[in-house]
Amino acid sequence: MWTIGAVPDAIENKPDFSAASAFRFDVLTLFPALFDGLKQESLLGKALQTGIVELHLHNWRSFATDKHRTVDDAPFGGGAGLVLKPDIVVNCLRAVKPMNSKSILLSPAGNLFTQQTAIAWSKLAGITLLCGRYEGFDARVDDHVDEVVSIGDFVLNGGEVAAMAIIESVARLLPGVIGNSASLHEESHQAGLLEYPQYTHPRDFEGAEVPPALLSGHHAQIAQWRHRQALLRTALRRPELVNHQTLSAKDAAWLTAELAISRANTD
Ligand code: SAH
């Protein structure tokens with residue numbers, strides 16, 4: 001079920017969450033067609049087909065009131081670019097946001113979105129994502145949303161790619177979206193560490209061999225190897241994440257030794 005922006009449609013479709021069990025994403029954007037691929041492909045496409053997830057697209061331009069369908073204007077105080085008008089944005093939000101949906105304005109100046117955010121939001125009934133373009137939103141819109149969120153310390157041209165990243169990371173946590181939900185538990189960031197390295201066939205790839213521990217068939221040994229490799233990888237690539245971990249004395253000693261070896265190797 002796709003709704004692209006028309007006002008009567010949006011109002012007609014204001015959902016009653018008590019009847020629906022699907023997780024509902026609403027996206028407010030100037031470029032709904034950017035979501036065409038996402039809607040059709042892979043796990044999200046399937047989740048939409050089976051009704052685990054709904055994605056409703058709304059076009060800011062449908063809420064413009066002049067004959068040129070203007071949604072933006074020059075910034076007060078001068079400067080480059082155009083700013084999305086608060087009246088258009090807030091009218092659209094009021095018309096299309098389902099009552100139980102959390103509204104999220106996308107901005108590089110927002111709170112950082114992380115795996116923990118995705119986990120928390122996956123337990124909600126739905127989220128409404130506001131995608132900016134140009135110079136972004138009039139600051140007064142912030143008071144009309146539940147949260148202002150950034151997907152990282154870089155600047156995109158628009159909120160659509162950020163919305164897609166959020167949709168995918170939230171949707172894959174919903175029951176039934178990923179075939180083997182056990183695979184979710186050991187992933188990077190789920191438990192505060194990066195994931196351990198994974199290997200498949202061939203055993204010898206251009207002289208690089210699969211670590212023997214993984215071929216041992218010994219479950220405890222494999223689990224210990226993976227845990228320690230996750231620690232080592234995190235310490236090397238994202239040291240700030242390891243500080244939050246409580247390590248056993250043995251793991252801490254092992255990690256210190258490994259880090260010394262890897263430092264010696266890079267010197
Ligand atoms: N002038 C703004 C940037 C505007 S970028 C500033 O410096 O803060 C245009 C739009 O792209 C934004 O309104 C936002 O919706 C989206 N966007 C860009 N980078 C983003 C990021 N890191 N996270 C989330 N949304 C982003």
Side-chain angles (χ1 to χ4, degrees), residues 1-4 10 13-29 32 34-58 93 96-106 110-131 145-147 149-152 159-198 200 219 222-223 226-227 230 234 241 244-245:
M1 188 206 308
W2 309 111
T3 55
I4 313 258
N13 273 318
K14 264 201 151 174
D16 169 14
F17 277 132
S18 58
S21 58
F23 188 101
R24 179 170 166 138
F25 294 100
D26 285 83
V27 180
L28 284 59
T29 168
L34 284 175
F35 292 80
D36 285 353
L38 186 79
K39 288 186 316 200
Q40 277 152 29
E41 297 302 324
S42 191
L43 293 175
L44 190 70
K46 213 181 284 168
L48 287 160
Q49 252 172 30
T50 55
I52 299 173
V53 164
E54 285 182 24
L55 174 56
H56 298 258
L57 299 163
H58 314 278
L93 183 63
V96 306
K97 189 185 89 66
M99 227 164 44
N100 296 358
S101 184
K102 184 181 174 82
S103 53
I104 295 137
L105 185 148
L106 297 164
N111 302 321
L112 196 60
F113 177 82
T114 66
Q115 184 66 14
Q116 299 316 309
T117 325
I119 293 169
W121 290 356
S122 71
K123 294 173 183 151
L124 302 174
I127 57 176
T128 299
L129 297 158
L130 287 75
C131 304
V145 296
D146 295 315
E147 210 169 323
V149 165
S150 164
I151 63 158
E160 289 75 14
V161 169
M164 287 185 216
I166 290 174
I167 290 170
E168 218 170 76
S169 60
V170 171
R172 66 199 296 286
L173 298 174
L174 300 171
V177 172
I178 291 207
N180 177 9
S181 65
S183 68
L184 292 176
H185 297 302
E186 297 190 344
E187 281 182 321
S188 296
H189 302 296
Q190 195 78 11
L193 290 177
L194 306 184
E195 194 186 54
Y196 48 79
Q198 302 260 31
T200 186
H219 289 304
I222 293 170
R226 286 182 163 164
H227 177 61
T234 311
L241 297 179
H244 303 298
Q245 299 295 316

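Ser103 pairs by the side chain to side chain donor-acceptor pair (under 3.5 Å) definition with Asp146, not counting sequence neighbours. Listed by chain and residue number, nothing satisfies the side chain to side chain donor-acceptor pair (under 3.5 Å) test with Ser169 (two or more places apart in sequence, or in another chain). Residues satisfying the side chain to side chain donor-acceptor pair (under 3.5 Å) criterion with Gln40, sequence neighbours excluded, are absent altogether. Every residue meeting the ring pair (Phe, Tyr, Trp, His ring centres under 6.0 Å) condition with Phe113, not counting sequence neighbours, appears here in chain and number order: Trp121. In this structure, the salt bridge (Lys or Arg N to Asp or Glu O under 4.0 Å) partners of Glu147, at least two apart in sequence or on a different chain, are Lys102. A search for side chain to side chain donor-acceptor pair (under 3.5 Å) contacts involving Glu168 returns nothing, not counting sequence neighbours. For Arg226, the side-chain contact (heavy atoms from CB on, under 4.5 Å) partners two or more places apart in sequence, or in a different chain, are Tyr196, Gln198, Leu214, Ile222.
The closest donor-acceptor contact from the side chain of Gln116 to the backbone of His189 lies under 3.5 Å. Counting only distance, with no hydrogens or angles, the side chain of Thr234 and the backbone of Leu194 share a donor-acceptor pair below 3.5 Å. No donor-acceptor pair closer than 3.5 Å links the side chain of Thr29 to the backbone N or O of Cys131. Checked by atom type and distance alone, the side chain of Ser188 pairs as donor or acceptor with a backbone atom of Glu195 at under 3.5 Å.
Considering CD1 of Ile127 and CD1 of Ile166, their distance stands at 6.0 Å, rounded to 0.5 Å. To the nearest 0.5 Å, atom CG of residue Asp26 and atom CG of residue Leu130 are 10.0 Å apart. Atom CZ of Phe35 sits about 4.5 Å away from atom CE of Met164, to the nearest 0.5 Å.
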Without placing hydrogens or testing angles, list every side-chain donor-acceptor pair under 3.5 Å for residues 43-51, not counting sequence neighbours.
{"unit_1": "Thr50", "atom_1": "OG1", "unit_2": "Lys46", "atom_2": "O", "d": "3.0"}
{"unit_1": "Thr50", "atom_1": "OG1", "unit_2": "Ala47", "atom_2": "O", "d": "3.3"}

